[in-house]
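Here the structure comes first, spelled out in structure tokens, and everything after it is commentary.
Residue numbers count from 1 along this sequence.
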Amino acid sequence: MAWTGSTRRARLPAGWTSRTVPRIKARDRGLCQWPGEHGICGQGGTEVDHRTPGDDHSDTNLWLLCHRHHARKTGAEAAAARGPGVSERRPAERHPGLS
């Protein structure tokens, strides 16, 4: 998600950085909560994220994720928002030497 033009930061509750983030990190014991085949990821968590998109900032909708899983989740949400058949990739260009 590009932050340019986004109102996301402004919609976060007061005390997000000073109170909410430390509280969720402590609750999740500093570990990524992404579910896996054998339990949670368990890598060092670095990013507090919303389980479901939107502005529900309740503790039950927040979890700690490692950068890799946060990027994976955000990418999936962005792809879903773009809709089926829409790609970020531009069409392949024909090589100029083949013209």
Side-chain angles (χ1 to χ4, degrees):
M1 171 181 183
W3 284 100
T4 305
S6 173
T7 61
R8 186 73 172 144
R9 273 191 219 274
R11 294 189 334 259
L12 292 174
W16 175 262
T17 306
S18 62
R19 292 190 304 268
T20 306
V21 169
R23 184 175 65 246
I24 300 303
K25 283 184 174 182
R27 181 199 68 193
D28 292 347
R29 299 173 323 278
L31 303 175
C32 176
Q33 300 298 301
W34 188 264
E37 193 174 317
H38 303 289
I40 65 167
C41 165
Q43 295 294 315
T46 56
E47 302 168 26
V48 173
D49 182 54
H50 295 78
R51 289 180 183 268
T52 57
D55 289 334
D56 175 3
H57 308 299
S58 65
D59 285 8
T60 56
N61 191 44
L62 299 174
W63 58 350
L64 188 62
L65 297 175
C66 63
H67 179 74
R68 181 171 67 98
H69 283 122
H70 187 223
R72 179 177 171 182
K73 178 178 171 283
T74 301
E77 290 170 352
R82 283 191 301 272
V86 178
S87 173
E88 282 187 350
R89 301 181 104 184
R90 63 183 180 175
E93 296 179 21
R94 190 168 162 82
H95 189 282
L98 298 176
S99 299

Inset, instruction - Write out all pairs satisfying salt bridge (charged side-chain N to carboxylate O under 4.0 Å, His left out) with one or both partners inside residues 32-51, taking only residues at least two apart or from two chains. - result: D49-K73
Inset, instruction - Applying side chain to side chain donor-acceptor pair (under 3.5 Å), name anything that partners H69, two or more places apart in sequence or on another chain. - result: none
Inset, instruction - Can you sort out the partners of S18 under side chain to side chain donor-acceptor pair (under 3.5 Å), two or more places apart, ordered by chain and number? - result: none
Inset, instruction - With rounding to the nearest 0.5 Å, note down the distance linking CZ in R23 to CG in D59. - result: 4.0 Å
Legend entry - R72 atom CZ, over 12 foreign heavy atoms within 6.0 Å: no
Legend entry - Distance (rounded to the nearest 0.5 Å) between D56 CG and N61 CG: 4.0 Å
Inset, instruction - Please list, chain by chain and in numerical order, all residues satisfying salt bridge (Lys or Arg N to Asp or Glu O under 4.0 Å) with R11, sequence neighbours excluded. - result: D55
Inset, instruction - Can you sort out the partners of T17 under side chain to side chain donor-acceptor pair (under 3.5 Å), two or more places apart, ordered by chain and number? - result: none
Legend entry - Partner set under side chain to side chain donor-acceptor pair (under 3.5 Å) for H50, not counting sequence neighbours: R8, H57
Inset, instruction - Might you point out which heavy atoms bring C66 and C32 nearest each other, and give the distance in Å? - result: N-SG, 3.3 Å
Legend entry - Spacing of CD belonging to Q33 relative to CG belonging to L62, to within rounding of 0.5 Å: 12.0 Å
Inset, instruction - Identify whether I24 and W63 are in the same connected component of the hydrophobic contact network (ILVMFWY, side-chain heavy atoms under 4.5 Å). - result: no
Legend entry - Joint hydrophobic cluster, L65 plus V48, side-chain heavy atoms closer than 4.5 Å: no
Legend entry - Rounded distance (nearest 0.5 Å) linking atom OG1 of T20 with atom CG of L12: 8.5 Å
